[in-house]
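Take a look at the structure set out below.
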Amino acid sequence: MTQPNERRRRAVDRLRGLLWGRHLRARPCTHRDQIRDVSPASKGCAACIELGDSWMHLRMCLICGHVGCCDNSKNRHATQHFHATGHPIIRSAEPGENWMWCYIDQVLLT
Ligand SMILES: [Zn+2]
Ligand SMILES: [Zn+2]
Ligand SMILES: [Zn+2]
């Protein structure tokens, strides 16, 4: 006999899968063709270095190579760069991370 908890957990998993699948289908990213073969413009967040501030994580703009700090950082320069330039897609510049994020569609790209 299956435990009630186990059954409920499976139902929740299935529901989550459906929601996530629909989410992905509903918001495809249409900006991938803007991605260029760029290399990082700086080793750290150039704007923070200029301010003498520090950052948590680095993100690189895949349209121009600008390196900015993440939204957990005080200055959020990666997001500021998007607002200033309209460049929609960033990639994590942290070692071992290769996810991308589209600011316009608010989706992770893999
Ligand atoms: Zn997009
Ligand atoms: Zn910064
Ligand atoms: Zn850019």
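In what follows, residues are counted from 1 in the order of the sequence shown. All ligand and atom numbering here is 1-based and tracks the order in the structure. The structure displayed is predicted, hence computed values, not measured ones.
Here the N, O or S atom of His77 that is nearest to the Zn ion (ligand 2) is ND1. The name of the N, O or S atom in His87 nearest to the Zn ion (ligand 3) is ND1. The Zn ion (ligand 1) lies closest to atom ND1 when only the N/O/S atoms of His31 are considered. Residue Asp105 approaches the Zn ion (ligand 1) most closely through its N/O/S atom OD2.
Under 3.5 Å, the side chains of Asp105 and His31 contain a donor-acceptor pair of N or O atoms.
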His81 vs His87, test: ring-ring contact (aromatic ring centres under 6.0 Å, His included). Steps then yes/no.
CA-CA 8 Å; His81 175 74; His87 294 166; 5.2 Å; yes
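Rounding to 10 degrees, one finds that the Zn ion (ligand 3) sits at the corner of an angle of 100° between His81 NE2 and Cys64 SG. For Cys102 atom SG and Cys29 atom SG, the angle they make at the Zn ion (ligand 1) is roughly 110°, to 10 degrees.
To the nearest 0.5 Å, atom SG of residue Cys45 and atom CZ of residue Arg59 are 11.5 Å apart.
When hydrophobic clusters are built by joining Ile, Leu, Val, Met, Phe, Trp and Tyr residues whose side-chain heavy atoms come closer than 4.5 Å, directly or via intermediates, Met60 is not grouped with Met56.
For Asp37, the CG atom is loosely surrounded, since the number of other residues' heavy atoms within 6.0 Å does not exceed 12.
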